[in-house]
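Everything on this sheet refers to the single structure shown next.
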Amino acid sequence: MSLVRVHNFSISLDGFGTGEGLSRDAPFGHAGERLHEWMFTTRFWHEMTGRPGGTGGVDDAFAQQFTPGIGAEIMGAGKFGPPGWHGDPEWKGWWGPDPPFHTPTFVLTHHPRPSIEMEGGTTFHFLDASPAEALAAAREAAGDQDVRIGGGPTVIRDFLADGLVDRMHVVVAPILLGRGVRLWDGLEGIEKDYALEAASSPSGVTHMTLTRTGI
């Protein structure tokens, strides 16, 4: 069976995966871009944004694992758009006409709408479904490839709580946010189900990988 993976998901030292006050002008609220600064200089990010160059090293090596082997993505409503996006029939996500997913992408929302086919192979499907139901749909779309849980923190936490995540890459950024949405709340003891490895980077972040025991 295909694996369920999380990649390049950044949290603060105090465990927040996004800040407070999300809006169209502030996708991560008061956190701004600070959670993801480690990625912006990498070769991976330069390639994704159509620019030459970029750095190698530890950060790039982890970031590059984002795409290979992924056949579908699941994301929450808060990743697809700012609060209230479901009231705008023209909203098609943050990423322009060619989103970076290039797979079927399932958006969990209480306000389903018809699917949207974008350039580059991304098609957004909107589901009001449980994690298990969404995963079944994503696995069917992914074929023999893996499914990526793209965030935000609430969606990842729900999939972890239901025991549905096989491999997870979390990047701990050296900042304190103090408020927002935390990743680990309610998941006490979950580490017993995973083998944990950590690698520090000269950029100041720590890359943590959790792999479900037995896979």
Side-chain angles (χ1 to χ4, degrees), residues 1-11 15 17-18 27 62-81 85-86 91-95 99-118 120-171 181-197 207-215:
M1 183 178 290
S2 63
L3 298 179
V4 179
R5 295 157 44 188
V6 175
H7 287 285
N8 299 346
F9 190 77
S10 298
I11 63 174
T18 191
F62 276 100
Q64 292 285 356
Q65 297 175 30
F66 177 81
T67 299
I70 296 294
E73 166 146 343
I74 298 171
M75 68 173 65
K79 179 173 178 178
F80 183 74
W85 64 260
H86 58 272
W91 182 259
K92 297 181 180 180
W94 305 101
W95 307 279
F101 310 109
H102 310 302
T103 66
T105 300
F106 296 84
V107 181
L108 298 182
T109 173
H110 296 306
H111 303 276
R113 60 169 59 177
S115 297
I116 304 174
E117 186 173 351
M118 308 292 286
T122 300
T123 299
F124 291 115
H125 304 284
F126 301 89
L127 301 178
D128 186 358
S130 69
E133 292 168 340
L135 180 56
R139 275 196 160 127
E140 182 176 358
D144 59 356
Q145 294 188 294
D146 293 344
V147 174
R148 183 175 55 232
I149 310 301
T154 300
V155 167
I156 294 176
R157 187 170 63 231
D158 289 346
F159 275 79
L160 286 167
D162 286 358
L164 299 176
V165 177
D166 298 306
R167 291 179 179 161
M168 183 168 177
H169 168 225
V170 178
V171 186
V181 182
R182 288 171 54 88
L183 174 62
W184 303 117
D185 286 356
L187 297 176
E188 293 85 355
I190 196 171
E191 71 279 355
K192 71 180 185 301
D193 299 323
Y194 292 87
L196 173 64
E197 297 182 3
H207 296 274
M208 295 182 6
T209 55
L210 294 85
T211 303
R212 180 179 298 284
T213 304
I215 66 169

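Throughout, numbering of the chain's residues begins at 1 and tracks the sequence. Please read these numbers as outputs of a predicted model, since none were measured by experiment.
For Arg5 (side chain) and Ile149 (main-chain N/O), no donor-acceptor pair under 3.5 Å exists by modelled atom type. With hydrogens and angles ignored, the 3.5 Å screen pairs a side-chain donor or acceptor of Thr105 with a backbone N or O of Thr103. In this structure, Thr109 contributes its side chain and Phe126 its backbone to no donor-acceptor pair below 3.5 Å. Between the side chain of His102 and the main chain of Gly120, a donor-acceptor pair closer than 3.5 Å is present. In this structure, the side chain of Glu133 engages the main chain of Ser130 through a donor-acceptor pair within 3.5 Å. In terms of modelled atom types and a separation under 3.5 Å, the side chain of Arg148 and the main chain of His7 share no donor-acceptor contact. Between the side chain of Asp166 and the backbone N or O of Arg212 there is no donor-acceptor pair closer than 3.5 Å.
Of the inter-residue distances, the one linking Asp162 atom CG with Arg157 atom CZ reads 12.0 Å to the nearest 0.5 angstrom. Rounded to the nearest 0.5 angstrom, Asp185 CG and Leu187 CG are separated by 8.0 Å. Atoms CD1 and CD1, from Ile156 and Ile74 in turn, are 11.0 Å apart once rounded to the nearest 0.5 Å. For the atom pair OG1 of Thr18 and CG of Leu183, the computed distance is 12.0 Å after rounding to the nearest 0.5 Å. Here the CZ atom belonging to Phe124 is positioned 5.0 Å from the CE atom belonging to Met75, to the nearest 0.5 angstrom.
Minimum interatomic distance between Gly17 and Ile11 (heavy atoms only, all atoms of both residues): CA-CG2, 4.1 Å. The two residues Pro99 and Met118 have their closest heavy-atom pair at CD-CB, 3.6 Å. Residues Gln145 and Ile70 approach most closely at OE1-O, 3.7 Å, considering heavy atoms. In plain terms, the two heavy atoms of Val155 and Gly76 that are nearest each other are CG2-CA, 3.3 Å. Contact record, Ala77 with Trp85: O-NE1, 3.0 Å, taken as the closest heavy-atom pair. Here the closest non-hydrogen pair linking Pro131 and Leu164 is CB-CD1, 3.8 Å.
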Test log, rule side-chain contact (heavy atoms from CB on, under 4.5 Å), inputs Thr213 and Asp193: CA-CA 6 Å; Thr213 304; Asp193 299 323; 5.6 Å; no
Intermediate values then yes/no, side-chain contact (heavy atoms from CB on, under 4.5 Å), Trp95 and Thr122: CA-CA 11 Å; Trp95 307 279; Thr122 300; over 6 Å; no
Audit row: Lys92, Glu117, salt bridge (Lys or Arg N to Asp or Glu O under 4.0 Å) steps and yes/no: CA-CA 10 Å; Lys92 297 181 180 180; Glu117 186 173 351; over 6 Å; no
Pair Val6-Phe159, side-chain contact (heavy atoms from CB on, under 4.5 Å): steps then yes or no: CA-CA 10 Å; Val6 175; Phe159 275 79; over 6 Å; no
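Annotation: side chain of Trp94 is not in contact with side chain of Phe80 (no heavy-atom distance under 4.5 Å). No side-chain heavy atom of Leu135 sits less than 4.5 Å from a side-chain heavy atom of Phe106. Within the 4.5 Å cutoff, side-chain heavy atoms of Ile215 are placed close to those of Leu3. Looking at heavy atoms from C-beta onward, Glu191 lies out of side-chain contact with Leu196 at the 4.5 angstrom threshold. Side-chain atoms of Pro153 and Arg182, non-hydrogen and from C-beta on, never get closer than 4.5 Å to each other. Contact check for Val170 versus Met168: side-chain heavy atoms found under the 4.5 Å cut-off. A 4.5 Å side-chain heavy-atom check between Trp91 and His86 finds every atom pair outside the cut-off. Arg167 places none of its side-chain heavy atoms less than 4.5 Å from the side chain of Gln65.
In this model, no donor atom of one side chain and acceptor atom of the other lie less than 3.5 Å apart for Arg113 and His111.
Two rings, from Phe62 and His169, have their centers less than 6.0 Å apart.
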